[in-house]
Chemist: 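Have a look at the structure that comes next, please.
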Amino acid sequence: MIVEKLKLTEELNEQEYNKVERIVEKLRKKFPNVMVREYKTQKKLTFLDVELTERLNFDITLGKRKNYFVSVEMEGTKAKYAFQIMKLLLDEAGVEYTFTLDGKEVYDSLRRKLKESTLLEFL
């Protein structure tokens, strides 16, 4: 199974947001190919052709809608690395988090739907 597009978002309080913002600015200074776009409620940093273990392209979005947030977005077959980028940002900022990827309730519900019989099938 290949993940081809992934966007992870974490809501933050103001203090956590400020810490993450400082970390993102440090990353921005470390890499030459960073494009920054500022909007009314958010700032999107696009890291282009970044040499880590492989050449990667990814976006980090910082902003405030209802609450402060940080997002990491990646496309293509390397999208799986978005988890590690988000993990680094949150770990460095000291933010407590959990990745809940289970979704078992949906799986169980679909299984029940597939197995359930209707009265017409018995006739």
Side-chain angles (χ1 to χ4, degrees):
M1 188 180 314
I2 298 172
V3 176
E4 290 191 354
K5 184 173 182 175
L6 190 59
K7 182 175 182 178
L8 304 170
T9 302
E10 178 71 23
E11 288 191 347
L12 307 166
N13 63 40
E14 188 173 359
Q15 183 182 8
E16 293 168 337
Y17 176 82
N18 291 332
K19 288 180 184 177
V20 170
E21 189 174 37
R22 283 193 296 276
I23 294 163
V24 170
E25 284 304 314
K26 284 182 187 176
L27 284 175
R28 179 181 171 198
K29 291 175 184 172
K30 300 276 184 189
F31 300 108
N33 299 332
V34 180
M35 187 171 66
V36 180
R37 289 170 282 176
E38 294 200 32
Y39 302 100
K40 192 182 236 182
T41 60
Q42 64 189 28
K43 178 165 61 170
K44 188 171 193 171
L45 295 93
T46 301
F47 292 78
L48 298 168
D49 207 26
V50 173
E51 180 62 43
L52 295 170
T53 58
E54 299 182 42
R55 291 213 176 274
L56 301 175
N57 298 322
F58 58 92
D59 297 323
I60 297 177
T61 305
L62 296 164
K64 181 178 182 184
R65 291 187 194 114
K66 186 177 180 182
N67 296 312
Y68 290 98
F69 70 92
V70 61
S71 293
V72 174
E73 187 173 1
M74 291 185 79
E75 294 185 16
T77 57
K78 298 175 186 174
K80 61 186 175 188
Y81 298 126
F83 287 107
Q84 299 307 317
I85 295 167
M86 179 65 92
K87 187 175 186 288
L88 171 99
L89 294 175
L90 298 178
D91 285 347
E92 289 293 314
V95 177
E96 290 187 29
Y97 62 91
T98 58
F99 283 118
T100 53
L101 301 172
D102 188 18
K104 186 170 175 6
E105 301 82 24
V106 172
Y107 176 84
D108 292 342
S109 180
L110 284 171
R111 292 285 294 183
R112 276 193 302 278
K113 286 284 183 197
L114 283 174
K115 293 196 181 281
E116 94 185 2
S117 301
T118 63
L119 188 56
L120 289 174
E121 290 175 9
F122 289 116
L123 300 176

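Heavy-atom basis, side chains included; hydrogens, waters and symmetry copies ignored.
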Chemist: When rounded to the nearest 0.5 angstrom, what distance separates CD in Glu54 from NZ in Lys78?
Modeler: 4.5 Å
Chemist: What distance do Arg37 atom CZ and Gln42 atom CD have between them, rounded to the nearest 0.5 Å?
Modeler: 9.5 Å
Chemist: Taking the side chain as C-beta and beyond, is there a heavy-atom pair between Ile85 and Met74 under 4.5 Å?
Modeler: yes
Chemist: Enter the distance from Glu75:CD to Leu6:CG here, rounded to the nearest 0.5 Å.
Modeler: 10.5 Å
Chemist: In terms of heavy-atom contacts, does CD of Glu25 have more than 12 from other residues, nucleotides or ligands at under 6.0 Å?
Modeler: yes
Chemist: For residues Val34 and Lys29, determine if any side-chain heavy atom of one lies less than 4.5 Å from a side-chain heavy atom of the other.
Modeler: no
Chemist: Within a reach of under 6.0 Å around NZ of Lys87, are more than 12 heavy atoms found that belong to other residues, nucleotides or ligands?
Modeler: no
Chemist: May I ask you to test the Lys19-Glu16 pair for a side-chain heavy-atom distance under 4.5 Å?
Modeler: no
Chemist: Would you say the side chain of Val36 lies within less than 4.5 Å of the side chain of Lys43, judging by non-hydrogen atoms?
Modeler: yes
Chemist: Among Thr41, Thr61, Leu62, whose side chain to side chain contact (heavy atoms under 4.5 Å, CB included) with Phe69 holds?
Modeler: Thr61
Chemist: For residues Ile60 and Val20, determine if any side-chain heavy atom of one lies less than 4.5 Å from a side-chain heavy atom of the other.
Modeler: no
Chemist: Taking atom CD of Glu51 as the centre, does the number of heavy atoms from other residues, nucleotides or ligands within less than 6.0 Å exceed 12?
Modeler: yes
Chemist: I'd like to check Asn57 versus Asp49 (side-chain heavy atoms, cut-off strictly below 4.5 Å). Are they in contact?
Modeler: yes
Chemist: Flag the pair Glu92 and Arg22 as a salt bridge only when some basic side-chain nitrogen lies within less than 4.0 angstrom of an acidic carboxylate oxygen.
Modeler: no
Chemist: Answer yes or no: are there more than 12 heavy-atom neighbours, outside Leu110 itself, under 6.0 Å from its atom CG?
Modeler: yes
Chemist: Let me confirm one number: the OG1-CG distance from Thr46 to Leu48, rounded to the nearest 0.5 Å.
Modeler: 6.0 Å
Chemist: Check whether more than 12 heavy atoms from other residues, nucleotides or ligands sit under 6.0 Å from atom CZ of Arg28, and answer yes or no.
Modeler: no
Chemist: Side chains of Tyr97 and Asp91: do they bring a donor and an acceptor to under 3.5 Å?
Modeler: yes
Chemist: With Lys104 as the cation and Tyr107 as the aromatic partner, state whether NZ or CZ is under 6.0 Å from the six-membered ring centre and within 45° of the axis.
Modeler: no
Chemist: Tell me which one of Phe31, Phe47, Phe83, Tyr81 satisfies ring-ring contact (aromatic ring centres under 6.0 Å, His included) with Phe58.
Modeler: Phe47
Chemist: Could you give the distance from CD (Glu21) to CG (Leu12), rounded to the nearest 0.5 Å?
Modeler: 11.0 Å
